Amino acid sequence: MQMIEEIKPDKIILAVGSYFSKPDIEGVEGEKVITAKAILLGLEKVGERVAVIGGGLVGAEVADFLSSRKHQVTIFEMLPELAHKAATSTKVYLTDQLARRNVQVICQAKVLKVAPAKVCYIREGWRFT
């Protein structure tokens, strides 16, 4: 509290929450699989082509971050839409940015397995790799 009184900020942003949990997907223990946190903190480098598993708010933001740095990004999301729980303005911003940067978004995709240079998933009863 004392530090806040000393620096007298115009606004205080409380950005807490969101714990990482590993999904039950074959291959997520592989060396090519990294967390959103590691990417955003600059702890890991990624290649030119990146698959983002999960198109919720964090996944969409990571895809936005990577695509702004000229990476070729594909998002795989189980739900019918991207950033399902995001506020409308945030969702509109993210979907517009991702479309402008040619990020491929595959919704209603259940990822079964990841391997180097491969993502295996089911969509509408069809299997894809």
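Every value quoted in this text rests on a predicted model; they were computed, and no experiment measured them.
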Can you name the residues that form a side-chain contact (heavy atoms from CB on, under 4.5 Å) with Ala86, not counting sequence neighbours? Leu57, Ala83, Thr90, Lys91
Under the ring-ring contact (aromatic ring centres under 6.0 Å, His included) definition, can you give me all pairs with a residue in residues 51-73, not counting sequence neighbours? none
List for me each residue that meets salt bridge (Lys or Arg N to Asp or Glu O under 4.0 Å) alongside Glu29, sequence neighbours excluded, and say none if there are none. Lys22
Minimum heavy-atom separation for Leu82 to Gly55, with atom names? CD1-O, 3.3 Å
Contacts satisfying ring-ring contact (aromatic ring centres under 6.0 Å, His included) that involve residues 108-129 (not counting sequence neighbours) are Phe76-Tyr121, Tyr121-Phe128
Taking salt bridge (Lys or Arg N to Asp or Glu O under 4.0 Å) as the cut-off, I'd like each qualifying pair that reaches into residues 49-74, sequence neighbours left out, listed once. Asp64-Arg101
Taking the side chain as every heavy atom from C-beta outward, state whether Val73 and Val52 have any pair of such atoms under 4.5 Å apart. yes
Verify same cluster id: Val50, Ile34 (apolar side-chain graph, 4.5 Å): yes
For the hydrophobic clusters of this structure (ILVMFWY residues joined by side-chain heavy atoms under 4.5 Å, transitively), does one cluster hold both Val58 and Val103? yes
Pro23 and Val28 have their tightest heavy-atom pair at O-CG2, 3.7 Å
Tracing side-chain links under 4.5 Å among I, L, V, M, F, W and Y, which residues wind up in one group with Leu79? none
Assess the residue pair Ile75 and Leu98 against the criterion (side-chain contact (heavy atoms from CB on, under 4.5 Å)); give the C-alpha distance rounded to whole Å, side-chain angles, the decisive distance to 0.1 Å, and a yes or no. CA-CA 10 Å; Ile75 301 174; Leu98 297 174; 3.9 Å; yes
Which donor-acceptor pairs under 3.5 Å do the side chains of residues 39-48 make with protein atoms, sequence neighbours left out?
none

By ring-ring contact (aromatic ring centres under 6.0 Å, His included), which residues pair with Tyr93, not counting sequence neighbours? none
Interatomic distance, Ser67 atom OG to Gln72 atom CD [nearest 0.5 angstrom]: 11.5 Å
Show every donor-acceptor pair shorter than 3.5 Å between a side-chain atom in residues 104-118 and any protein atom, with sequence neighbours excluded, or say none if there are none.
unit_1: Gln104; atom_1: OE1; unit_2: Thr74; atom_2: OG1; d: 3.4

